[in-house]
Protein chains: 2
Amino acid sequence: MVTINDCGIMEDYYNHFPLSDYFGFDIHPYISIIQFDSEESLLQEGRIPHFLYYLIEGRAKLFLSQGNGRISLINFLNAPCFIGEMELLGAQEVANGVTAITPCTCYAIRVNECKDKILNDTKFLRYLCLFLSQKAIGNTYNYSKNQSYPLEVRLANFILITSCNRVYCERHTEVSEFLGVTYRHLLYVLANFVKSGYLKKTKSGYYIQDLDALRKIAESNQ
Amino acid sequence: MVTINDCGIMEDYYNHFPLSDYFGFDIHPYISIIQFDSEESLLQEGRIPHFLYYLIEGRAKLFLSQGNGRISLINFLNAPCFIGEMELLGAQEVANGVTAITPCTCYAIRVNECKDKILNDTKFLRYLCLFLSQKAIGNTYNYSKNQSYPLEVRLANFILITSCNRVYCERHTEVSEFLGVTYRHLLYVLANFVKSGYLKKTKSGYYIQDLDALRKIAESNQ
DNA sequence: AGTCTGATATGAGAAATCTCATATTGCTTT
DNA sequence: AAAGCAATATGAGATTTCTCATATCAGACT
């Protein structure tokens with residue numbers, strides 16, 4: 001974790017990733033820029049957060065751990081987005097866990113210094129409502145899917161969405177958490193896809209050999 | 001579905017269920033009062049809603065149906081709460097389905113007549129953010145639980161929460177949807193509880209015979 | 001190269017959950 | 001009361017998913 005204080009660099013970020021769309025007042029005095037390495041925590045589960053983050057570059061994951069040691073990956077967080085907004089509002093005191101997947105660069109807003117301004121800023125509040133709604137809708141859609149279809153269908157979908165140039169190469173541990181099944185079971189279903197000739201294991205990932213078959217499986221859904 | 005226009009009755013409702021906590025301007029000119037019977041739709045899935053509702057009495061359920069005919073019960077909505085707020089913001093165009101469980105009385109706000117006022121009302125926006133956050137947190141928690149524990153554990157919990165005077169008497173169809181399992185499986189696990197002597201089937205519902213045992217099962221969670 | 005270690009993968013059997021066919025129950029209607 | 005019908009309940013076997021033990025692999029260290 002590195003905090004950037006150099007004014008020149010900060011100016012540069014402000015120009016490339018402006019905040020004026022979200023705030024009706026000048027938020028710059030309350031901002032630091034923080035960079036996280038991959039695997040670092042942005043918010044620690046159960047702790048009271050210090051900042052409202054705005055993720056400008058990178059990808060993180062939001063998770064919730066259960067008493068039995070199991071971890072639910074609730075969502076992937078992709079730039080640009082706010083992180084820690086629920087805690088800001090007081091909807092929950094302590095944070096859910098958020099961990100960087102790739103290196104992440106964030107504006108860290110010192111809310112304790114400008115809470116009043118923020119909570120009276122129509123522009124920000126309106127945007128936040130929209131953001132919260134969209135997040136909720138996405139989550140809900142995801143939950144509902146997870147419960148309604150066997151892994152085969154959901155995985156086919158997931159592969160189609162996340163593959164790049166016909167190559168699927170996500171980390172199995174992450175995916176199994178996101179799809180809400182055990183690592184073992186994910187591998188099992190994936191192996192089935194290979195056995196059926198839909199995928200082919202290569203050094204750089206799984207190559208999609210039979211796109212149509214995969215689509216057909218995914219569609220037993222729609 | 002009945003719309004109440006009688007000014008006297010409306011005044012009465014306003015006095016008992018005031019809206020001044022949520023709005024910074026006078027919202028009354030834009031309100032009707034609507035009553036729904038149980039099983040009636042407040043929002044029809046896939047349709048564009050006309051109103052923002054504020055549920056003042058009653059209990060409803062929010063669901064989402066899947067291509068394979070399966071229905072996910074996303075949440076129970078208990079008074080007091082807003083319904084249709086995401087659609088108001090434009091976060092989604094068409095509504096999720098909302099159906100009354102008990103008879104429901106709502107303030108129906110004609111948003112097309114006061115959208116500007118509403119979307120510039122700090123008081124309302126702040127409250128809405130909070131409301132959305134809490135809803136999201138609840139959903140997430142529920143979702144995470146649903147995936148992390150077998151039905152036995154979740155059902156024990158659910159029974160403890162929803163039972164009244166040691167009697168559990170929810171509708172199985174609703175519960176199975178909410179807990180994300182088939183009706184059959186719910187009955188199966190419930191029958192096990194009876195066989196183990198934790199519950200006893202009576203005319204008025206299932207009587208909790210062994211509270212401790214049920215708690216112990218539910219706690220294999222926490 | 002050898003070995004340690006953590007991450008990743010596989011095997012096998014058990015448990016959870018689903019599907020579908022068939023009963024049973026409780027209302028209406030006649 | 002009989003018949004019809006929808007809601008509710010049960011049985012049995014198939015699938016999906018899990019658990020846990022073991023195996024393989026890749027990089028770090030010696």
Side-chain angles (χ1 to χ4, degrees), chain A residues 38-39 61 66-73 99 101 143-158 168-196 199-206 217-218 220-221, chain B residues 38-39 61 66-73 99 101 143-158 168-196 199-206 217-218 220-221:
Chain A
S38 56
E39 306 298 314
K61 57 182 176 177
Q66 299 291 165
N68 63 1
R70 202 159 161 174
I71 295 172
S72 298
L73 199 174
T99 304
I101 296 175
Y143 308 161
S144 171
K145 273 273 152 63
N146 270 359
Q147 286 202 332
S148 302
Y149 296 92
L151 181 61
E152 192 183 41
V153 176
R154 291 180 280 137
L155 181 59
N157 245 313
F158 188 80
Y168 166 77
C169 60
E170 301 293 316
R171 292 177 57 188
H172 297 157
T173 43
E174 256 165 34
V175 175
S176 66
E177 284 169 10
F178 183 64
L179 295 177
V181 297
T182 48
Y183 174 85
R184 182 69 193 89
H185 189 51
L186 173 66
L187 272 271
Y188 178 80
V189 173
L190 210 48
N192 266 353
F193 283 174
V194 173
K195 204 187 317 180
S196 307
L199 299 178
K200 195 174 163 191
K201 209 169 172 176
T202 70
K203 211 179 290 182
S204 60
Y206 290 79
I217 293 176
S220 53
N221 139 352
Chain B
S38 56
E39 305 298 314
K61 57 181 176 179
Q66 298 291 164
N68 62 0
R70 201 160 163 174
I71 294 171
S72 298
L73 200 174
T99 304
I101 296 175
Y143 160 67
S144 172
K145 272 273 153 63
N146 269 359
Q147 282 203 164
S148 302
Y149 296 92
L151 181 60
E152 192 183 39
V153 176
R154 291 180 281 138
L155 181 58
N157 245 313
F158 188 80
Y168 167 77
C169 61
E170 301 293 315
R171 292 177 57 188
H172 298 327
T173 43
E174 256 165 34
V175 176
S176 66
E177 284 168 10
F178 183 62
L179 295 178
V181 297
T182 49
Y183 174 84
R184 182 67 193 90
H185 189 53
L186 174 65
L187 272 270
Y188 177 80
V189 173
L190 210 47
N192 267 352
F193 282 175
V194 173
K195 205 187 314 179
S196 308
L199 298 179
K200 195 176 164 189
K201 210 170 172 174
T202 71
K203 210 180 288 180
S204 60
Y206 289 79
I217 292 175
S220 54
N221 139 351

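Atom set for the values below is all heavy atoms of this structure, side chains included, hydrogens, waters and symmetry mates excluded. Just so it is clear: chains get the letters A, B, ... in the order the sequence lines come, proteins before strands, and each one is counted from 1. Quick caveat, the model's predicted, so the values are computed rather than measured.
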Colleague: Which nucleotide sits closest to the side chain of A/T173: C/dC18, C/dT8, C/dA9?
Modeller: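 The answer is C/dT8.
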Colleague: In whole Å, what is the span from the CD atom of A/E174 to the P atom of C/dT8?
Modeller: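 Atom-to-atom, A/E174 to C/dT8, this comes out as 10 Å.
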Colleague: Whole Å only: how far is the OH atom of A/Y183 from the P atom of D/dT22?
Modeller: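 In whole Å, D/dT22 P lies 18 Å from A/Y183 OH.
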Colleague: Contact between A/L190 and A/H172 at the side-chain level, heavy atoms closer than 4.5 Å - yes or no?
Modeller: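 A/L190 vs A/H172: side chains touch.
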Colleague: Rounded to whole angstroms, how far apart are CD on A/E170 and P on C/dT8?
Modeller: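 That distance rounds to 13 Å.
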Colleague: Rounded to whole angstrom units, what separation is found between the CG atom of A/L186 and the C1' atom of D/dC18?
Modeller: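 Those two atoms, CG and C1', are 14 Å apart.
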Colleague: For A/L179 and A/R154, work out which heavy atoms get closest and say how close.
Modeller: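 Of all heavy-atom pairs spanning A/L179 and A/R154, the closest is O-NH1, 2.6 Å.
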Colleague: Between B/E177 (CD) and D/dA7 (C1'), how many Å, whole number?
Modeller: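 It works out to 14 Å between those atoms.
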Colleague: Could you work out which one of D/dT8, C/dA9, D/dT16 sits closest to the side chain of A/H185?
Modeller: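 Nearest listed nucleotide: D/dT16.
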Colleague: Tell me the interatomic distance from B/E152, atom CD, to D/dC18, atom P, rounded to whole angstroms.
Modeller: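 Those two atoms, CD and P, are 16 Å apart.
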Colleague: If you look at every heavy atom in A/L186 and A/L151, which pair is closest and at what distance?
Modeller: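 Taking every non-hydrogen atom into account, CA-CD2, 3.8 Å.
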Colleague: Separation of A/K195 atom NZ from C/dT10 atom P, in whole Å?
Modeller: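 Rounded to the whole Å, the gap is 11 Å.
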Colleague: May I ask you to test the B/F193-B/I217 pair for a side-chain heavy-atom distance under 4.5 Å?
Modeller: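 Side chain of B/F193 against side chain of B/I217, heavy atoms only: contact under 4.5 Å found.
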Colleague: Quick one: A/F193 CZ to C/dA9 P, roughly how many Å, whole number?
Modeller: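 Value for this atom pair: 16 Å.
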Colleague: Considering only side-chain heavy atoms of A/R184, which listed nucleotide, D/dT10, C/dT10, C/dT17, is closest?
Modeller: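 Closest nucleotide to the A/R184 side chain: C/dT10.
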Colleague: Considering only side-chain heavy atoms of B/Y188, which listed nucleotide, D/dT17, D/dT10, C/dT17, is closest?
Modeller: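 Looking only at heavy atoms from C-beta outward on B/Y188, the closest nucleotide is C/dT17.
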Colleague: Angle class for the A/F158/A/F178 ring planes (parallel below 30°, perpendicular above 60°, tilted otherwise)?
Modeller: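 Geometry flag for A/F178 against A/F158: tilted rings.
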Colleague: Consider the side chain of B/T182, meaning its heavy atoms from C-beta on, and name the nucleotide among C/dC18, C/dA9, D/dT10 that approaches it most closely.
Modeller: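 The listed nucleotide nearest to B/T182's side chain is C/dC18.
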Colleague: Which of these nucleotides, D/dT17, C/dA9, D/dA9, is closest to any side-chain atom of A/K201?
Modeller: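 Side chain of A/K201 sits closest to C/dA9.
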